[in-house]
Amino acid sequence: MQLVFATNNQNKLKEVQALVPKHITLLSLADINCNEDIPETQATIEGNAKQKADYIKTQYGYDCFADDTGLEVDALDGAPGIYSARYAGPERDATANMDKLLKELSNKDNRAAQFKTVIALHLNGAFHEFTGLCRGKIINEKRGDQGFGYDPIFQPEGYESTFAQMDLSLKNQIGHRGKAIRKLIDFLKSNRM
């Protein structure tokens, strides 16, 4: 079975490839020669994931899944949310995004946050959705050099380490994307895909 994962983010691709069963061939956007920016113009994480999956199915004809992930900070009313990747500007600079978030939280006591991933699967003419959440908090300084995005400042509940201090297998086990991907894989298995 072939499925396109609608992402150009090599870090996301690596995380997902580590979880997908060997009988599923995972194709990236580069593998199908999709080099354009896929629109993400919806008002929700769910809407953006579905929009990306629909785009690949409509434009390229492949069964596919797409994810959208947002960091939702309680004290900021859920921001940065759908703007997580470009929080500090269109350059999508992870360091600038973290610096902006840390500055905005500098005088806040409530540092609670969650990562939310929604995966939209477009398969055999039907649409399915899978959500993964990981609660935690935003710490005061960056720690660790693994992962990507906000990983150096996000400490999941029950752990002393940030995502950036964890190996990939632990992050996939407890993290938002791993949870959503396992729901996707369980669905594919239960439907004998």
Side-chain angles (χ1 to χ4, degrees), residues 7-16 18-19 37-52 65-120 129-184:
T7 188
N8 281 314
N9 184 320
Q10 293 303 308
N11 292 304
K12 283 185 183 181
L13 191 61
K14 181 180 173 185
E15 281 186 10
V16 172
L19 295 170
D37 281 335
I38 299 174
E40 294 182 58
T41 58
Q42 302 304 304
T44 64
I45 291 170
E46 293 83 356
N48 280 333
K50 185 176 187 303
Q51 182 179 23
K52 289 188 278 188
F65 66 93
D67 86 314
D68 197 39
T69 296
L71 176 63
E72 301 173 330
V73 179
D74 293 6
L76 301 177
D77 297 322
I82 61 168
Y83 303 106
S84 294
R86 50 194 184 279
Y87 193 44
E91 303 82 17
R92 297 175 175 253
D93 183 299
T95 300
N97 290 338
M98 285 187 285
D99 290 345
K100 179 178 179 180
L101 182 59
L102 289 173
K103 184 177 180 185
E104 291 191 0
L105 290 176
S106 63
N107 62 348
K108 307 269 192 228
D109 292 328
N110 180 3
R111 315 265 310 176
Q114 72 177 10
F115 270 117
K116 178 180 183 180
T117 291
V118 175
I119 293 177
E129 193 175 280
F130 311 93
T131 301
L133 300 173
C134 184
R135 292 289 301 169
K137 67 179 181 181
I138 304 301
I139 61 171
N140 293 313
E141 75 289 326
K142 299 170 195 156
R143 292 196 326 240
D145 57 6
Q146 304 297 309
F148 61 101
Y150 295 91
D151 287 356
I153 60 172
F154 183 81
Q155 183 179 319
E157 280 182 357
Y159 292 85
E160 294 299 316
S161 303
T162 66
F163 272 160
Q165 294 174 300
M166 295 179 176
D167 64 38
L168 182 57
S169 62
L170 179 57
K171 182 184 175 189
N172 273 341
Q173 180 186 337
I174 66 170
H176 47 291
R177 189 169 295 106
K179 290 175 181 177
I181 287 291
R182 281 192 295 281
K183 289 178 183 178
L184 166 68

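Sequential numbering from 1 along the given sequence is applied to the chain's residues.
- Of all heavy-atom pairs between F163 and G175, the closest is CZ-CA, 3.9 Å.
- Residues that satisfy the side chain to side chain donor-acceptor pair (under 3.5 Å) test with Q114, not counting sequence neighbours, are E72.
- For K183, the side-chain contact (heavy atoms from CB on, under 4.5 Å) partners at least two apart in sequence or on another chain are F130.
- The distance from the NZ atom of K14 to the CG atom of N172 is 10.5 Å, given to the nearest 0.5 Å.
- Shown here are the side-chain contact (heavy atoms from CB on, under 4.5 Å) partners of T44, two or more places apart in sequence or in another chain: E46.
- By the 30° and 60° cut-offs, the orientation of the rings of F115 relative to H176 is parallel.
- Nearest heavy atom pair, residue P152 against residue T162, reads O-CG2, 3.4 Å.
- Residues I138 and L71 have side chains in contact (heavy-atom distance under 4.5 Å, counting atoms from C-beta outward).
- Taking 4.5 Å as the limit, every side-chain heavy atom of P80 sits out of range of all side-chain heavy atoms of K100.
- Listed by first and then second residue, the side-chain hydrogen bond (donor to acceptor under 3.5 Å, both in side chains) pairs involving residues 82-95 are Y87-E104 (not counting sequence neighbours).
- A 4.5 Å side-chain heavy-atom check between D68 and V118 finds every atom pair outside the cut-off.
- Note that the CZ atom of F65 and the CG atom of L184 stand 5.5 Å from one another [nearest 0.5 Å].
- For Y150, the ring pair (Phe, Tyr, Trp, His ring centres under 6.0 Å) test picks out no residue, with sequence neighbours left out.
- Distance alone, capped at 3.5 Å, is enough to place a donor-acceptor pair between the N97 side chain and the A85 backbone.
- To the nearest 0.5 Å, the span separating CD1 on I45 from CD on E129 amounts to 10.5 Å.
- When the side chain to side chain donor-acceptor pair (under 3.5 Å) test is applied to R111, the partners found at least two apart in sequence or on another chain are N140.
- Considering only residues two or more places apart in sequence or on other chains, K52 meets the side chain to side chain donor-acceptor pair (under 3.5 Å) condition with none of them.
- Distance check, rounded to the nearest 0.5 Å: CD of Q146 to CG of D167 gives 8.0 Å.
- Put simply, the side chain of D99 reaches to within 4.5 Å of the side chain of K142, judged on heavy atoms.
- For R182, the side-chain contact (heavy atoms from CB on, under 4.5 Å) partners at least two apart in sequence or on another chain are L19, K179.
- By the 6.0 Å contact criterion, CG on D37 is open, its count of non-hydrogen atoms from other residues, nucleotides or ligands being 12 or less.
- Considering only residues two or more places apart in sequence or on other chains, Q42 meets the side-chain contact (heavy atoms from CB on, under 4.5 Å) condition with N48, Q51.
- Between P156 and S161, the closest heavy-atom pair is CD-O, 3.4 Å.
- For R135, the salt bridge (charged side-chain N to carboxylate O under 4.0 Å, His left out) partners at least two apart in sequence or on another chain are D74.
- In this structure, L101 and L76 have side chains that are in contact, with non-hydrogen atoms separated by less than 4.5 Å.
- Here K137 pairs with nothing under the side chain to side chain donor-acceptor pair (under 3.5 Å) rule; sequence neighbours left out.
- Between Q155 atom CD and M166 atom CE the span is 8.0 Å, to the nearest 0.5 Å.
- Across all their heavy atoms, N110 and A75 have their closest contact at O-CB, 3.4 Å.
- For residues 149-165, the set of pairs meeting the salt bridge (charged side-chain N to carboxylate O under 4.0 Å, His left out) definition, not counting sequence neighbours, comprises D151-K171.
- Interatomic distance, R177 CZ to T117 OG1, rounded to the nearest 0.5 Å: 4.5 Å.
- Considering all non-hydrogen atoms of both residues, G132 and A180 come closest at N-CB, 3.7 Å.
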